[in-house]
2 protein chains.
Amino acid sequence: MEVTALSDNTRGDLFDPACPTRALLDRVGSKWTSMAVKLLAEAAPQEIRFAELRRRMPGVSQKMLATTLRALVRDGLAQRRVEPTVPPRVHYSLTPLGLSLDGPLAVLRAWAEEHMAEIDRANRDADAAG
Amino acid sequence: MEVTALSDNTRGDLFDPACPTRALLDRVGSKWTSMAVKLLAEAAPQEIRFAELRRRMPGVSQKMLATTLRALVRDGLAQRRVEPTVPPRVHYSLTPLGLSLDGPLAVLRAWAEEHMAEIDRANRDADAAG
DNA sequence: CTGTATCCTCCCCGATACTG
DNA sequence: CAGTATCGGGGAGGATACAG
């Protein structure tokens, strides 16, 4: 029934209810989640269709995009709206909760864009040092 | 030679140099990293010994703590200082780069503490609707 | 178009034991 | 005390095929 363990939360392994930060990182840390949230936040209050999201997320597979979006919806961070046409069109958007998460994520994105080069440099130095 | 793939960065799988945010989340998202950064940031400018960190991180294994700290050092986020005694005492502290990362992480922690309950609730609702 | 179902691979992480 | 070495499970995530 469930697609992968990303949609059901039977993990309980990486998920520690006593540490909300780890619980959050377990969700946002999955490969495509942060990019999906970013795209949906930038588009808000507009919705984005499944195919459009897929186009804007190079490399994502159908399965993983579906899984990622399903997890976001399940977590109450995103909404799903189906147009009952043939073929169906499915639109996604962030909930207020999801939108409120984009602020903190934007802070993280800004730090990453400013400082990831330093981390890469540190790694190259470590490699050079053998 | 390397302990696990967390220390060498031969992954290249989850790591996309074109997306600094994902690259950062691949590091910070590993199970014990955010907690280690938090503890080291709170203690700054004091250092923390390996055993003390271990005591403050319930459930962490020796191996994973060593791996986590090694990765932080390799990324230039933390420093390692060895006291040449017998037995040796090893002290860890954040670098300026590591300290600068704690700000964004603190923002994320604050959001998590405020809103993770809503996410849990959304999941329970989804289960109930099951 | 928007998914789901299967299969498969990789590697994170835990448990345990050993070293200087 | 502060690691390293080794083994093994389990889950994330990709490829592919199929369905409504």
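Throughout, protein chains are lettered first and strands after them, A, B, ... in sequence-line order, and every chain is numbered starting at 1. What's counted below: heavy atoms across the whole structure, side chains too, no hydrogens, waters or symmetry copies.
Remark: of the listed residues B:Val28, B:Leu25, B:Val107, B:Leu25 is the sole one forming a side chain to side chain contact (heavy atoms under 4.5 Å, CB included) with A:Leu108.
Every residue meeting the side chain to side chain donor-acceptor pair (under 3.5 Å) condition with A:Arg109, not counting sequence neighbours, appears here in chain and number order: A:Asp102. B:Glu42 pairs by the side chain to side chain contact (heavy atoms under 4.5 Å, CB included) definition with B:Lys38, B:Leu39, not counting sequence neighbours. Shown here are the side chain to side chain contact (heavy atoms under 4.5 Å, CB included) partners of B:Ala112, two or more places apart in sequence or in another chain: A:Pro20, A:Thr21, A:Leu24, B:Met116. By the salt bridge (Lys or Arg N to Asp or Glu O under 4.0 Å) test, A:Arg56 pairs with A:Glu52, sequence neighbours left out. Taking B:Arg80 as the reference, nothing meets the side chain to side chain donor-acceptor pair (under 3.5 Å) condition, with sequence neighbours excluded. Contacts of A:Trp32 classified as ring-ring contact (aromatic ring centres under 6.0 Å, His included), with partners at least two apart in sequence or in another chain: none. Qualifying salt bridge (Lys or Arg N to Asp or Glu O under 4.0 Å) partners for A:Asp125, counting only residues two or more places apart in sequence or in other chains: none.
Using a 4.0 Å cut-off between a side-chain N of Lys or Arg and a carboxylate O of Asp or Glu, A:Asp26 and A:Arg22 qualify as a salt bridge.
Across D:dC1, D:dG13, D:dT6, the shortest atom-to-atom separation from the side chain of A:Lys63 is found for D:dG13. Proximity note for A:Trp32 (side chain, C-beta onward) versus C:dC1, C:dG14, D:dG14: the nearest is D:dG14. Among D:dG13, C:dC13, D:dA2, the nucleotide with an atom closest to any side-chain atom of B:Arg80 is D:dA2. Closest to the A:Pro88 side chain, of the nucleotides D:dA2, D:dG20, C:dG14, is D:dG20. Checked against C:dG14, D:dC1, D:dG14, the side chain of B:Pro87 finds its nearest nucleotide in D:dC1. Nearest nucleotide to the B:Ala66 side chain, out of D:dG20, D:dA2, D:dG3: D:dG3.
Consecutive Watson-Crick or G-U pairing (both distances under 3.5 Å) extending over three or more pairs maps onto DNA chain D as C:1-20 with D:1-20.
Taking only side-chain nitrogens and oxygens, B:Tyr92 never comes nearer than 4.0 Å to OP1 or OP2 of D:dC1.
Regarding A:Glu83, its CD atom lies at a distance of 12 Å from the C1' atom of C:dC1, rounded to whole Å. The distance between atom CG of B:Leu65 and atom C1' of D:dC1, rounded to the nearest whole Å, is 12 Å. One atom, NZ of B:Lys31, and another, C1' of D:dA12, lie 15 Å apart when rounded to the nearest Å. Rounded to a whole Å, the CZ atom of B:Arg81 is 17 Å from the P atom of D:dC1. Atom CZ of B:Arg27 is separated from atom C1' of C:dC11 by 16 Å (rounded to the nearest Å).
For DNA chain C, the neighbouring residues in residues 41-57 of chain A, judged by any heavy atom under 4.0 Å, are A:Arg49, A:Phe50, A:Ala51.
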